[in-house]
Amino acid sequence: MNVTRRQLLKYSAALAAASAIGLELPLPQGVGAAQAEKWVKAVCRYCGAGCGVYAGVSKGKVVAVQGDRDNWNKGFLCIKGYYLPSILYANDRLKYPLVKRGDEFVKISWKEAMDLMTGRFAETIKKNGANSVAFYGSGQAYTEESYFMNKFFKGGLGTNNIDGNPRLCMASAAVGYVSTFGKDEPMGAYDDIYHSDCFFIIGSNMAEAHPVIFRLVNERKQKGGNVKIIMVDPRKTLSARIADLHMSFVPGTDLAILHAMAHVIIKENLYSRDFVSNHLVFKTVKDDKPAKVSFEEYVKFLDEYTPETAEKISKCPKDDIIKAARWFARSKATMSLWCMGLNQRTRGVWVNNLVHNLHLLTGQICRPGATTFSLTGQPNACGGVRDGGLLSHLLPYGRLIANEKDREEMEKFWGIPKGRIQPKPGPTAVDIFRSFNKSEIKALWVACTNPGQSLPNLTPYRKGMEGKDTFLVVSEAYHPTRTSELADLVLPAALWVEKDGTYGQSERRYQYLEKAVEPQGEARPDLMVMVEFANRLLKALGREDEAKRLFNFKNSEEVWNEIRQCSKGTAYDFMGMTRARMKKAHGVQWPCPTEDHPGTVRRYTAKYGDPLLKKFDPQAADISFYGAKADGNKATVWLRPYKGPAEPPDAEYPFALTTGRQIEHWHTGTMTLKVPELKRSAPDAYVEINPRDALKLGIKSRDKVKLTSRRGSIVLEAKVVDVPRDGLVFVPMHYPDKLINMLTTDAYDAMSKQPEFKICAVKVEKV
Ligand SMILES: Nc1nc2c(c(=O)[nH]1)N[C@H]1C(S)=C(S)[C@@H](COP(=O)(O)OP(=O)(O)OC[C@H]3O[C@@H](n4cnc5c(=O)[nH]c(N)nc54)[C@H](O)[C@@H]3O)O[C@H]1N2
Ligand SMILES: Nc1nc2c(c(=O)[nH]1)N[C@H]1C(S)=C(S)[C@@H](COP(=O)(O)OP(=O)(O)OC[C@H]3O[C@@H](n4cnc5c(=O)[nH]c(N)nc54)[C@H](O)[C@@H]3O)O[C@H]1N2
Ligand code: SF4
Ligand SMILES: [Mo]
């Protein structure tokens, strides 16, 4: 079936508008499908859901996209997926390297660009050491690209000045999993949605940010009999409209709600004694160190978190809290799903821990439908950055910079001298830019991310990026962006299926994307630019032999094969995911230790098929949290006291500002704002304000409204809708000419270093 643009828009609206979702929705092939001469297997460029797609190619161009019916998404895509072809052919695709001369960007050759870049990096390193350069990467780069840069910076240059934008996104979830279970990444899978009877969705607007996963939740609700959906969000989002229970509360207070749910679960005897005694330890923090406590001490800790107290703190009705606790504990299988509403918080790790606590106490974990599942933001935040270790404190596949044994293991694996990897974690995202502001970092390469728009509290960082004595290189597919406009050198990047590589997504699913078409103009795959850079730079530093031995990859497959070896023997283990197999498969879930292993749907349970369980914990009968070896393979229930946000509203700034997403657009809009249909559907920024607050302030829809925080102000059109709760306003993050991050705070979580994009205090005035 070939559909018109109008039909496609209607289809996607239906897919998003929860109430309209039915199983009868036809599967459109996308605009232009009839012209396709061949279909190339790939994955959607956007969210971490990782929908399988086929790209339709005609005369060397991608002309259509259709969903892969043999993949988990069963052929369904959201509106962004269907319009992928347009992003390749936008007018502002960058086709040549550009250098800044005065106020202008001038076209130069690749040779000149690489000479300039390696010259500047080499000079800086020779004069100031390796810690004077840095790389800021992305959860949207391919796994091979992230792994290569990580190896080059930590193992080649010997600096940990390398971090990625998942620090703004998944860091709290990653640290949450590690602190509770000893290892990162969810134990469950999308398959759990088919078996769950209670969905606890907290701080996630799935209908707009993960529409095709949300479709599965709806399908389950419609087919599953008495299936309950609890939605915990201070906005009544599109997702909240299908909830059986929408729990609204003052932003940043949900820690109190989660503790009160645990309180009810204990008081009403709804917890699992078996789980508590066999699989859990309880911990608090004393003198800055984790300290074990007893179950009884935990129960005592919960005493003060009665539903009444939680209601006082959060303004969420206590009856809602009690109801939620009962549904959560009593359902046959409960699945939690969350995203930035939890992670982008100064208490991001803690609130992640508290969700895990509920699953552990009730034993709602490690069986079909019962699991605690972090939704991933970017398409390769899991694969390239969390698993591959492109964060300043990590080494690949669960190893840590701070752990001597892990460093030695990687030094041996990479074939570099002992002691090359520095023992101290490097600066994280925000701190890289703070150092760049102070010229401590003097040369910075930014690839596949747009920090000039996406960092919080932009003003100082944009000033730093423009700095005259520092050197900023930006690899981009478009120009200008709010980052490339500040660069000294801009390198043109091949986009999406103009190159091949691997994504690792939400449910530990790795997928290979084939190359479908040639890059445009002189654009090159980032990986090949990185390889050339590494070889030239080491040569300039007099280490040509090492470059040839360690960094001379010819293609992504060679890097992939090293990655598989690097994962061998770890809790990840991709040995079974050969390139040949990945080309044919519709995604494979790790651990996958051998070529004939089908991949792992559920981890930490022998009964449901974790192939590594007996290897890491030979004594285990069934469930074992073997990532937490030091705790006897038991998971940790953390005692995390309630703390509010860094900048709550006050008399002078009486509203909370929250920021986030719309279904049509992707982050900084460089791609989706170039798609005419998406731009028409969502053309401009706005501020959502509810009718009660609007009435008090004399504001109507379309009025101009000025928002002011302690850091900046912005004028936006008002959209009066009953979505945000009282005292809360919402602004989308997507619009380059309306930089909402001029207002947001760069206060971050002490453990994950993830900034609190979700809450800051503002004044709201009619202009
Ligand atoms: N269309 C689209 N989809 C995307 C993306 C995109 O740019 N566009 N980006 C992808 C990426 S990288 C990410 S990280 C995800 C993000 O996906 P989501 O996290 O689902 O999306 P957001 O809109 O950022 O925020 C989610 C919700 O958090 C709520 N929230 C705010 N404060 C609090 C709080 O204190 N507690 C709780 N519980 N909730 C709160 C907000 O009201 C909002 O509805 O989306 C991915 N998918
Ligand atoms: N206010 C506010 N700010 C936020 C958030 C929020 O909720 N609120 N969310 C945060 C989160 S969760 C995230 S993930 C970040 C996202 O923030 P960014 O990563 O900065 O946003 P993107 O627009 O995804 O930037 C990716 C860039 O890479 C380019 N690109 C695409 N493909 C390629 C390629 O193959 N190679 C190269 N070199 N470039 C390519 C795109 O054109 C785009 O400019 O934003 C964060 N900022
Ligand atoms: S849900 Fe995410 S991965 Fe799937 S089509 Fe939409 S943007 Fe792409
Ligand atoms: Mo994200």
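In each ligand, atom 1 is the first atom listed, and ligand 1 is the first ligand listed. Just so you know, these numbers use all the heavy atoms, side chains as well, and skip hydrogens, waters and symmetry mates. The residues of the chain are indexed from 1 along the displayed sequence.
- Here A494 has backbone heavy atoms under 4.0 Å from ligand 2, and that is the only part of it that gets that close.
- Between W560 and Y510, the ring-plane angle classifies as tilted under the 30° and 60° cut-offs.
- Using a 30° and 60° split on the angle between ring planes, Y46 and W666 fall in the tilted class, from 30° to 60°.
- Protein heavy atom at the shortest distance from atom 40 (C) of ligand 2 is C448 SG, 3.6 Å.
- Atoms of ligand 3 lying under 4.0 Å from any heavy atom of G50, numbered from 1 in the order shown and given with element: 3 (S).
- Ion pairing of D254 with R345 is present here, as a side-chain N (NZ or NE/NH1/NH2) and a carboxylate O approach within less than 4.0 Å.
- E476 OE2, 2.3 Å is the protein heavy atom nearest to atom 44 (O) of ligand 2.
- Residue-ligand proximity, K758 to ligand 2, at heavy-atom distances under 4.0 Å covers atoms 7 (O).
- Considering both main-chain and side-chain atoms, T481 never comes within under 3.5 Å of ligand 2 through any nitrogen or oxygen pair.
- Between T744 and ligand 2, no N or O atom pair is found at a separation short of 3.5 Å.
- Annotation: the span from S392 atom OG to R167 atom CZ amounts to 4.5 Å, rounded to 0.5 Å.
- In this structure, the protein non-hydrogen atom closest to atom 2 (Fe) of ligand 3 is C47 SG, 2.3 Å.
- Among protein heavy atoms, the minimum distance from atom 8 (Fe) of ligand 3 is reached at C44 SG, 2.3 Å.
- Between the side chains of S484 and E476, no donor-acceptor pair is found at a separation under 3.5 Å.
- For F135 and F152, the ring centers sit 6.0 Å or farther from each other.
- Residue contacts with ligand 2: T668 is placed with a nitrogen or oxygen under 3.5 Å of a nitrogen or oxygen of the ligand (distance criterion only).
- Salt-bridge check for E466 with R462: failed, with every basic side-chain N at 4.0 Å or more from each acidic carboxylate O.
- Against a heavy-atom cut-off of under 4.0 Å, Q344 is close to the following atoms of ligand 2: 5 (C), 6 (C), 7 (O), 9 (N), 10 (C), 11 (C), 12 (S).
- Between K738 and E717 there is no salt bridge, since none of the side-chain N atoms of the basic residue sits less than 4.0 Å from a carboxylate O of the acidic one.
- For the pair R508 and D387, the salt-bridge criterion is not met [side-chain N within less than 4.0 Å of a carboxylate O].
- Note on ligand 2: R661 sits in its first shell, one or more heavy atoms being nearer than 4.0 Å.
- Of the heavy atoms in T670, only side-chain atoms (C-beta onward) come closer than 4.0 Å to ligand 2.
- Atom NZ of K515 has more than 12 heavy atoms from other residues, nucleotides or ligands within 6.0 Å.
- No N or O atom of M340 sits closer than 3.5 Å to an N or O atom of ligand 2.
- Taking any N or O of Y478, backbone or side chain, none lies under 3.5 Å from an N or O belonging to ligand 2.
- Distances shorter than 4.0 angstrom do not occur between any heavy atom of Q453 and any atom of ligand 2.
- If you number the atoms of ligand 2 from 1 as listed, the ones under 4.0 Å from a heavy atom of A493 come out as 36 (N), 37 (C), 38 (N).
- Contact of the K674 side chain with the R93 side chain is not registered, since no non-hydrogen atoms from C-beta on lie closer than 4.5 Å.
- When each atom of ligand 2 is checked for a heavy atom of C169 under 4.0 Å away, the hits are 12 (S), 14 (S).
- In this structure, G139 has no heavy atom closer than 4.0 Å to ligand 2.
- Contact atoms of ligand 2 toward L168: 10 (C), 11 (C), 12 (S), 46 (C) (distance under 4.0 Å to a heavy atom of the residue).
- Close approach of ligand 2 to Q140 is summarised as follows: ligand atoms under 4.0 Å from at least one heavy atom of the residue are 19 (O), 22 (P), 24 (O), 26 (C).
- Shown are N343, V175, V349; of these, the side chain to side chain contact (heavy atoms under 4.5 Å, CB included) with D749 is made only by V349.
- Taking the ring axis of F730 as reference, the NZ or CZ atom of R235 stays within 45° of it and closer than 6.0 Å to the ring centre.
- Side-chain contact of E664 with T672: a donor-acceptor pair under 3.5 Å is absent, judged by distance alone.
- Proximity to Y46 (heavy-atom distance under 4.0 Å) selects the following atoms of ligand 3: 7 (S).
- The nearest protein atom to atom 15 (C) of ligand 2, hydrogens excluded, is given as S454 CB, 4.1 Å; this is a heavy-atom distance.
- Checking C78 against atom 6 (Fe) of ligand 3, an N/O/S atom falls under the 2.8 Å cut-off.
- Regarding atom 4 (Fe) of ligand 3, its nearest protein heavy-atom neighbour is C51 SG, 2.3 Å.
- Annotation: K499 places an N or O atom under 3.5 Å from an N or O atom of ligand 2; distance criterion only.
- Contact detail for Y177 and F373: the closest heavy-atom pair is OH-CA, 3.5 Å.
- Interface atoms of ligand 2 facing N741, defined by a heavy-atom separation under 4.0 Å, are 1 (N), 2 (C), 3 (N).
- Below 4.0 Å from some heavy atom of L495 lie the following atoms of ligand 2, by number and element: 31 (C), 32 (N), 33 (C).
- In summary, the side chains of N380 and T143 do present a donor paired with an acceptor at a separation below 3.5 Å, with no hydrogens or angles considered.
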